[in-house]
Amino acid sequence: MSENKVVDKLNSINEFEREPVPASRLKGVKSFVGMYAGEHTAGTEFVIGPLFVAHGVSAGDLIWGLIFGNLLAVGSWAFICAPIAASVRETLYFKLEKICGRNLVALYNLVNGMMFCFLAGSMIAVSATAVGIPFNIAMPELGDWLPTSLGWIITVFAVGTVITVVAMLGYEQVSRFANIAAPWMILVFIAAGFAALPDLGVRSLGDFWQVANEKIWTGVPLEGESKFTFWHVMFFAWFCNMAMHIGMADMSILRYARKWQYGFSSAAGVFLGHFVAWLASGILCAAAAGSIAPGPIAYSAAGMAGAICVIIAGWTTANPTIYRAGLAIQGIMPSVRRWKVTLVVGLVTTVAACFPALVMRLLEFVAIYGLILMPMGAVIFIDFHLLPRLKLKQDYAAKQGLSFYAAPAFAWIATLTCCLLLNLIFGIDIFFLGLPGWFLAVLLYIGSSKMLQRQSSVSFEKVI
Amino acid sequence: MKLLLQLTSALGLLLTIIPSLLYFATYISLAVHQYLMLAGAILWFATAPFWMNKK
């Protein structure tokens, strides 16, 4: 009986996956500030800060790179993603289905869902590094790619189970939890950073800049790691959430916004999480003699509160990511209830989280993930803003009853192929491919849409 | 009641950040700083859910 009640409750959760969000369900700006602050003050920030240290970024390059990169990221959310989300009020997946057709969007959803699973997996792994502290579990190090022990696997599964259950309950619960945890988490990051400074020889704030240059962001990469410059930092800060803003994944979240200007609330996330938290975690890493495992480095500076912060930080980011993955996969199987999809997604994510490679190569993974999903964001952007002005049809697949529209498929695959060639032949770093890739995707989609839609209208006229 | 909860939450946040500054200024030890931070976490999570996001 009680089991039936739970299933009935889960079945009754309506997230408007295949219809616009009604006006009565729109949310105020506070909900988005809390959501972004929670989501981007995340477990992964405990890893990204140390990885910048490992890649030998200098202090000046880091600070200026983060300021400019974060400004560009906020602009991308506010001017590219939010206006479309607040206008159509549909999920990314439903919108794409109308543009691309059911079969193409199924492929996209599969790729997208897998990427979200891996991303959420890295966050579960981050939380597990803190949960494992009292059990003295050996933590993965920078060079570890495979599970390091049975204890590690058990810890990851325990964390993954809890996170999946919360994600199954839907956006409301995710948003509420992130809102509550966000103010406390960012203060723990700041406090832990401050508490680690004396270990590095900072006795007054006047010492900080010298110590920062000499002991933290020295400009010298660790052995085996590539050297990062201002440009690496700026493009990473801009594109680390490329799938969310330019790639339009946050349409699924911002469709609940009363006004498109709520896109600026992403600033709360990036300037706290991708600035303050990255600086703080870099300091923690330097104070812990270059250790990367987030749980132990936070514990050493902030004690139990630091370890709890790592767990919750991983949790508040993994939750919306698993939620998004559930939406993506549900796009392939719309008749299956979202909570059932989320349950399976959570299991896949937890298995992925057992592999520390997800954490240790996080910078590269995040860049690839954004790049792979970006061309479809360009397709939505052009479909919404430009196609009507070019006298071409929006939502072409829906209007023509197509299950596969070749124009976006061509733009997606050709863009990624060109980016791959630029990387392999010309050696252009993965972090720099997103910008030329977006313009390429735009040009390819406009060109192929013109060709295919005109061909279609000519054949239609011939039939008539 | 709500005001009391909010004040307790604020105290929790203060106990999260202030001890690190006191430790940095060498007024308290690392252990004391860590205990106070834990107390701050408990106060925050014991009170904030009862007033945050409530209409």
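All figures in this text were calculated on a predicted structure; none of them were measured in a lab. So that the names make sense, note that chain A is the first sequence line, chain B the second, and so on, each numbered from 1.
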So which of B:T16, B:I18, B:L22, B:T26 has the largest heavy-atom pair count under 4.5 angstrom toward chain A? B:T16
Closest heavy-atom pair and its distance - B:I17, A:L187: CD1-O, 3.9 Å
Closest heavy-atom pair and its distance - B:F24, A:V202: CE1-O, 3.6 Å
Would you mind telling me which of A:G193, A:C309, A:G303 has the largest number of heavy-atom pairs within less than 4.5 Å of chain B? A:G303
Heavy-atom pairs under 4.5 Å with chain B are the metric here; pick the option from A:G306, A:P183, A:A302 that has the most. A:A302
Of the non-hydrogen atoms in A:A195 and B:Y23, which two are nearest, and what is the gap between them? O-CE2, 3.1 Å
When rounded to the nearest 0.5 Å, the distance separating CG of B:L13 from CD1 of A:I186 is 12.0 Å
Against chain A, label B:L30 side chain, backbone, both or neither, depending on which of its atoms sit under 4.5 Å from a heavy atom there. side chain
Could you tell me whether the side chain of B:H33 and the main chain of A:A301 form a donor-acceptor pair under 3.5 Å? yes
Is it true that, when you exclude A:F52 itself, more than 12 heavy atoms of the residues, nucleotides or ligands shown sit nearer than 6.0 Å to its CZ? yes
Contact winner vs chain B - A:A181, A:A305, A:A191, heavy-atom pairs under 4.5 Å: A:A191
Which atoms of B:F45 come close to chain A, meaning under 4.5 Å heavy atom to heavy atom: side chain ones, backbone ones, both, or neither? side chain
Okay, side chain of B:W44, backbone of A:I180: is any donor-acceptor separation there less than 3.5 Å? yes
Is the number of heavy atoms from other residues, nucleotides or ligands within 6.0 Å of CD (A:Q210) greater than 12? no
How about CZ on A:F208, more than 12 heavy atoms from neighbouring residues, nucleotides or ligands closer than 6.0 Å, or not? yes
